[in-house]
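What's counted below: heavy atoms across the whole structure, side chains too, no hydrogens, waters or symmetry copies. Here is how names work: the chains are called A, B, and so on, in the same order as the sequence lines, proteins then strands, and each is numbered from 1.
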Protein chains: 2
Amino acid sequence: MATIKEVAAHAGVTPTTVTNVLRGRGRVGDATRDRVLAAVAATNYHPNLNARALVERKSPTLALMLGCLTNPFYPEFTLQAHLAARSENRFLLICNTDYEEDGGRQFLNEVAGSLSDGVLVANKGNLNLEQFKSIEKRGVPVVISIWEDPAQHPGIPCIAFDSTKAGKMATQHLIDLGHQHIGALIASPAEGIHAGRYAGYRDALEEANLPVKTKQIRFCEDTYEDGYRTAFELLTTNKGMTALFVSNDLPAIGVLDAAAEMGLRVPEDISVVSVTNIHMASQSRPGLTTVAIPTTEMAFEAIEMLLELTRNKPAQPPMKVIEKLRLVERHSTGAPKA
Amino acid sequence: MATIKEVAAHAGVTPTTVTNVLRGRGRVGDATRDRVLAAVAATNYHPNLNARALVERKSPTLALMLGCLTNPFYPEFTLQAHLAARSENRFLLICNTDYEEDGGRQFLNEVAGSLSDGVLVANKGNLNLEQFKSIEKRGVPVVISIWEDPAQHPGIPCIAFDSTKAGKMATQHLIDLGHQHIGALIASPAEGIHAGRYAGYRDALEEANLPVKTKQIRFCEDTYEDGYRTAFELLTTNKGMTALFVSNDLPAIGVLDAAAEMGLRVPEDISVVSVTNIHMASQSRPGLTTVAIPTTEMAFEAIEMLLELTRNKPAQPPMKVIEKLRLVERHSTGAPKA
DNA sequence: CTGTTAGCGCTTTCAG
DNA sequence: CTGAAAGCGCTAACAG
């Protein structure tokens, strides 16, 4: 690893001049520039980013905290965040908090403000907001992305989408198709991360003067397996339903498999709709009808907000809500049988 | 962000002493230690990792290069690599090379040896080995993980598994079940990354004195969609097959859906087996029988090798092959109809 | 247009 | 047991 001094010596200049040509600062004579560039090539020089970060008081990395990369939503979000970060010439440091016994506190403490200029939090519902506020107090910007409730500000800068609207759109699609007996499978506690999606389901039903029947509603873990298991139980004990609103794609795919296992045809016997539109939703049988949330936009806006916060601290923590929601009709929904 | 100087001032000592108590170096009096610790707490001090990296000539991060996090194998590998890195108190920097127009060269040049002490490469078959060798020449260790062919050393330290054996085990399982007409769907070019798995398929057939029929073999992209499309074509134009060897899980799941679409029952009409055992393999309908490769072990061994290489440079690049392979029987395979 | 000087925050000899 | 001094590799004033 050549250092800037060596390059400078090689080119017969000082480190300052090398920096100047490499960073495009100051004015440098053409001949000198050529000599420097030649020396850089000859020595295969690459600046030490740690040293640069130290003096510039600014690091080239951003930290991303998420629950677990193994939940298929996160890789998609992470990829977009990575792309956004790269487009700003930043690198992404990741932390799967589910496996840190302290929920990522140590990661945050070590990384925030030294290795990383800021931290992006992919919301998974059980956020320890105080933890992030204490990071902010140290002057390190934090933004929460995929915040589900525009009506309730977490007190930390965030990028949100309207999850209630998403839940409502999904349910409304079922109603438009003519369904009147629509159960729900919510992949969080009632007051948990999918509370908004759940509220959207109830709103749609109420506006259509359809009853909200607790007997037809279940809460489960946000996994394929628990979606499968819970749907199996719900579908065996409640026979009258023609459609199911599921609050997330992964458990919805479990629902599809449970229905098949029971000999129920989707959508002929039961329609299934959900929210998110992960890649897998197009790889299920049948393809899953779902309300797509703006994953890409939330990732890009989050990175942008984070970077902006490294430049200026606003008096109030901003919230940006991305309105874009889109019903993606595939083949898991259809009209109820007459 | 408090600095070590401020902490020292607060405690009435010098930075040296602060370092000593924080890093456990030297001998420090109990009273002094307590004062320092109190000062650390009072100022909410966290060491600047960039500064530390600079003086220690050693960075707390490792870089992971992979094709694209969106291919479901990578998140699983990445999670394990992350866990392994964390267990050594390192952080992971990731790069999705598929989206870097230069295949990650710039990432490598900027990161390797300054931000990151080493780079871990998750093999996806189209590796530019020269690129990595030039990084090694700069004294930065590189290890390739998930190398598929133990018989052929890439010339760079690597962790390998025996993909030929995996392909053979999968095919052998079909043969053991009584299948004699076994087609193949290889998710790479014939000489591409799945060449070993493909060779294993042929080996098993030949050892069982079964013919290898080119008509029943197809090559496709390593995606769900192309698996679906290619299987559809193969299955419509070749009627005699009772089983299919697919070289990877994701296209195999596409195969399952194609079969269902065509009205073929799996495994009654056609058995499907593949290699890898990604999480999705247990979330398909039917569950996919597949040969599990040692993802976790490869991730941990790779991190360990990388770290070892930062300590000592061996004369020859090591290769460690993880022998562990395991047939995971689910429900996509069964005996052929009599 | 280029060089000199100082310093980012930390750790490590080496003295005391 | 604690402090003083030097330096990691780089960049930003400021001179010249």
Nearest 0.5 angstrom please: B:Glu6 CD to B:Thr43 OG1, how far?
7.5 Å
Rounded to the nearest angstrom, tell me the gap between atom CG in A:Leu22 and atom C1' in D:dC10.
11 Å
Are any of B:Thr17's side-chain N or O atoms less than 4.0 Å away from OP1 or OP2 of D:dG3?
yes
What's the CG-C1' distance between B:Asn48 and C:dG7, to the nearest Å?
14 Å
Is there any side-chain hydrogen bond (donor to acceptor under 3.5 Å, both in side chains) pair reaching into residues 115-124 of chain B, and which pairs are they, with sequence neighbours excluded?
B:Thr61-B:Ser116, B:Arg90-B:Asp117, B:Asp98-B:Lys124, B:Lys124-B:Asn126
Can you measure B:Asn20 atom CG to C:dC14 atom C1' for me and round it to whole angstrom units?
13 Å
Per-nucleotide protein contact string for nucleotides 11-16 of chain D, where B marks a base within reach and S marks sugar-phosphate only (heavy atoms under 4.0 Å, - for neither)
BBB---
Spacing of A:Leu54 atom CG relative to C:dA6 atom P, expressed in whole Å:
18 Å
Rounded to whole angstroms, how far apart are CD on A:Glu6 and P on D:dC10?
9 Å
Considering only heavy atoms from C-beta outward, does the side chain of B:Tyr74 approach that of B:Pro72 to under 4.5 Å?
no
Where each residue is assigned the nucleotide of DNA chain D containing its nearest heavy atom, which of B:Gly29 and B:Arg57 is assigned the position nearer the 5′ end?
B:Gly29
SB check A:Lys313 A:Glu136 (cutoff 4.0 Å):
no
For A:Thr14, report the nucleic acid contact type (base, sugar-phosphate, nothing); a contact means any heavy atom under 4.0 Å.
base
side-chain contact (heavy atoms from CB on, under 4.5 Å) against B:Pro154, all qualifying residues, sequence neighbours excluded
B:Leu129, B:Ile144, B:Trp147, B:Cys158, B:Met319
Check the distance between D:dC8's C1' and A:Met1's CE and give it to me in whole angstrom.
13 Å
Answer yes or no: is there a side-chain heavy-atom contact under 4.5 Å between B:Tyr99 and A:Arg86?
no
Starting at atom CZ of A:Arg33, determine the distance to atom P of C:dC1, rounded to an integer number of angstrom.
9 Å
Taken to the nearest whole Å, CG/B:Leu115 to C1'/D:dC8 is 16 Å
Between D:dC10, D:dT2, C:dG9, which nucleotide gets closest to the side-chain atoms of B:Thr32?
D:dT2
Taking atom NZ of B:Lys324 as the centre, report whether more than 12 heavy atoms of other residues, nucleotides or ligands fall under 6.0 Å from it.
no
